[in-house]
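None of these values were measured; they are calculated from a predicted model.
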Protein chains: 2
Amino acid sequence: MPRRGTKKPYIPIDGQACQVRDIGICAPFSGEALGALETFKAAERMYAPGRDFLVQGESAGEFFTVLDGWAFLYELLEDGRRQILDFCLPGAFLGFQPDLSAPVTYSAQALTDMSVCVFPRSRVADFVRQHPELGLRMACVAARDQYLAFRHLSNVGRRTARERVASLLLELFFRVRLHSPASSGDKIVIPLTQEHIGDALGLTSVHVNRTLRQLREEKLLTLKGGSLQVLDPDRLAEVAGFESDVAFLRH
Amino acid sequence: MPRRGTKKPYIPIDGQACQVRDIGICAPFSGEALGALETFKAAERMYAPGRDFLVQGESAGEFFTVLDGWAFLYELLEDGRRQILDFCLPGAFLGFQPDLSAPVTYSAQALTDMSVCVFPRSRVADFVRQHPELGLRMACVAARDQYLAFRHLSNVGRRTARERVASLLLELFFRVRLHSPASSGDKIVIPLTQEHIGDALGLTSVHVNRTLRQLREEKLLTLKGGSLQVLDPDRLAEVAGFESDVAFLRH
DNA sequence: AGCGACCCCTGATCTAGATCAAGTCGTGTG
DNA sequence: CACACGACTTGATCTAGATCAGGGGTCGCT
């Protein structure tokens, strides 16, 4: 999909076109502004699976866009209980806070090998003043993330284990397929353990296991070795209580 | 507290100074820009308790700042289960979405008599282009709201009923006192039924009732007739597992 | 005064999901 | 090859919180 003939239509990564060019924070930029955005960018960085690249309580001074790979945001309680707040796919925007010097309130951990775009918090105010479209874009992305967080909250607060699991897996299924090049087929790669799923949904991994077995026995889905296969999207959506407004999952 | 000597330092409401001038979306504005913001504002409006002023599934075309009174955001599931997503106090910013024409994803209901500032969604992009500080401000407010939503999610997903109730009430206690003129004393007005509390925390009102009794018997708090009295903030904070980063509750 | 709508409160019982305990796999490693 | 480790599985039991059922108080309305 070629873009209008500007000098620098894409932000290069390792000499390649940026995969999240159209869905991330950079979407509204083009032409000269895109070049400026690139000077605003502080770095690109890689993280290995398991790496905590944001740590609750520390102050980071930077925020991120995920270029490739999966991560998740989480909060730890004093006694070790963990709540996963969000799964971050390519295009996700994270780490931004109003008070630039304050410690961050959640941790972020890589689930796969991943690469991120790093922006310095200190210069964001100036940059937004020169490029107002970034401010609006950030507000829009934040609004979408709020929608996801609210959905997640309804799931955990008011749905049964069965509904929660169906809903999360179906949501991830759609989110992945929305932007992945090979977006057909009923199978996606999903680098989560049953414990991740439990910690996202307020359940124990034991109970997640039993719930998955049930869904498998009903021929709704299979989840095995990091691969999710949705056998019957419609019935699964029914179980999940999906409002089918999948459009909102888009960035 | 007098501000620098500009012509129009406050947005007038019914001839009075705006109560949320320093905490809402307008905080970074002053002087001429403040006048411009006022022309951006579409209206002021009042709502009576119980009034749904945003309805899930309808498209609104406007977003709001709460000037006075309480409201709450909620989602309804098909079978009537309700999840309260957030309580909105003066200064709250709500109803903004990336896709201006899309239906809103949650409902908003007034808890008390309230007044709101109404902004048209259609003109926000233009206005932000002329006044970049609004875009940044919206992003900041959204980041704070995300923090609250994440907190809420951790509560509901990973804490016991006792911890949830303590945490919510203490949070509201601090949020109210932060901006209320009479911010001393151990008592605040809190216009919630036990059912509201339950629907916010993923509990039944019956269980909220029992939990409140327990907290009352332990002389931690009393909640009666819309009035919350925190008897022992420190012990209550302990029960709530509060991380004491109350600073973040500020707008 | 009488009535209906809401809240608040409490006891008895039930159940979804937690906890405890053990065993199977698969995979990397000294 | 043995063996340690992490993820997945399954059964038995327990419990936090739901559900069911009822009683009482207050307020506004006729």
Side-chain angles (χ1 to χ4, degrees), chain A residues 48-50 72 77 79-84 109 111-112 155-169 189-217 221-229 239 241, chain B residues 48-50 72 77 79-84 109-113 155-169 189-217 221-229 239 241:
Chain A
F72 64 96
L77 307 190
D79 60 359
R81 284 174 289 179
R82 179 174 73 169
Q83 175 66 47
I84 291 185
Q109 181 172 122
L111 278 164
T112 64
N155 262 341
V156 172
R158 281 295 179 226
R159 294 178 122 105
T160 65
R162 180 181 161 76
E163 294 169 319
R164 288 183 223 182
V165 171
S167 178
L168 175 65
L169 292 181
V189 171
I190 185 170
L192 306 177
T193 65
Q194 297 180 353
E195 194 174 354
H196 288 126
I197 297 175
D199 283 349
L201 298 178
L203 302 168
T204 59
S205 59
V206 174
H207 200 66
V208 169
N209 185 292
R210 292 194 228 272
T211 306
L212 284 172
R213 173 173 49 151
Q214 197 196 345
L215 295 172
R216 192 191 325 123
E217 283 168 358
L221 57 78
T222 65
L223 180 59
K224 197 108 193 169
S227 166
L228 168 69
Q229 185 174 20
V239 172
Chain B
F72 65 96
L77 308 190
D79 60 358
R81 283 173 289 180
R82 179 175 73 172
Q83 175 66 48
I84 291 184
Q109 181 172 123
L111 278 164
T112 63
D113 277 309
N155 263 341
V156 173
R158 281 294 178 227
R159 296 178 120 105
T160 65
R162 181 181 159 77
E163 294 169 320
R164 289 183 221 180
V165 171
S167 179
L168 175 64
L169 292 181
V189 171
I190 185 170
L192 306 178
T193 65
Q194 296 180 353
E195 193 173 355
H196 288 126
I197 297 174
D199 283 349
L201 297 178
L203 301 169
T204 58
S205 59
V206 174
H207 200 66
V208 168
N209 184 294
R210 293 193 228 272
T211 307
L212 284 172
R213 175 174 47 156
Q214 196 195 346
L215 294 172
R216 192 191 324 124
E217 282 167 1
L221 57 79
T222 64
L223 180 59
K224 195 109 193 169
S227 166
L228 168 69
Q229 185 173 20
V239 171

For this session: Let me know the distance between CZ of A:Arg159 and C1' of C:dG17, rounded to the nearest Å.
Result: 18 Å

Problem set entry | Whole angstrom value for the distance that separates C1' of C:dC6 from CG of B:Leu192 | 16 Å

Exercise. Given C:dG17, is OP1 or OP2 found less than 4.0 Å from the side-chain N or O atoms of A:Thr204?
Worked result: no

For this session: Test for a donor-acceptor pair under 3.5 Å between the base of D:dT9 and the side chain of A:Arg216, counting only N and O atoms.
Result: no

Seminar exercise, completed: In whole angstroms, the gap separating C1' of D:dC20 from NE2 of B:His207 amounts to 16 Å

Exercise. Got B:Leu221 and B:Leu212 here, is their nearest side-chain heavy-atom distance under 4.5 Å?
Worked result: yes

Exercise. With no angle test and no hydrogens, is the base of C:dG11 tied to the side chain of B:Arg210 by a donor-acceptor pair under 3.5 Å?
Worked result: yes

Seminar exercise, completed: Ranking C:dG17, D:dT10, D:dG17 by distance to the side chain of A:Val206, first place goes to D:dT10

For this session: Verify whether one side chain among A:Thr204 and A:His207 offers a donor that lies under 3.5 Å from an acceptor in the other.
Result: no

Exercise. Is A:Arg213 near enough to D:dT10 that one of its side-chain N or O atoms lies under 4.0 angstrom from OP1 or OP2?
Worked result: yes

Exercise. Would you say the side chains of A:Thr211 and A:Gln214 form a donor-acceptor pair under 3.5 Å?
Worked result: no

Exercise. Checking A:Arg159 side chain against A:Arg164 main chain: does a donor-acceptor pair fall under 3.5 Å?
Worked result: no

For this session: Answer yes or no: is there a side-chain heavy-atom contact under 4.5 Å between B:His196 and B:Leu111?
Result: yes

For this session: Check the distance between C:dG23's C1' and A:Asn209's CG and give it to me in whole angstrom.
Result: 13 Å

For this session: Could you check whether B:Thr193 gets within reach of a base, just the sugar-phosphate, or nothing at all, counting any heavy atom under 4.0 Å?
Result: sugar-phosphate

For this session: Would you mind classifying the nucleic acid contact of A:Gly202 as base, sugar-phosphate or nothing, using non-hydrogen atoms under 4.0 angstrom?
Result: sugar-phosphate

Problem set entry | Integer-rounded Å distance: C:dA18 P and A:Arg81 CZ | 13 Å

For this session: Looking at every strand, decide which applies to A:Gly225 at a 4.0 Å heavy-atom threshold: base, sugar-phosphate, or nothing.
Result: nothing

For this session: Let me know the distance between CZ of B:Arg158 and C1' of C:dA18, rounded to the nearest Å.
Result: 10 Å

Seminar exercise, completed: In whole angstroms, the gap separating P of D:dA18 from CD of B:Glu195 amounts to 13 Å

Problem set entry | Sugar-phosphate only, base, or nothing, as touched by A:Thr160 at under 4.0 Å among non-hydrogen atoms | sugar-phosphate

Exercise. What's the CD-P distance between A:Gln194 and D:dC8, to the nearest Å?
Worked result: 4 Å

Problem set entry | Any A:Lys224 side-chain nitrogen or oxygen under 4.0 Å from OP1 or OP2 of C:dC25 | no

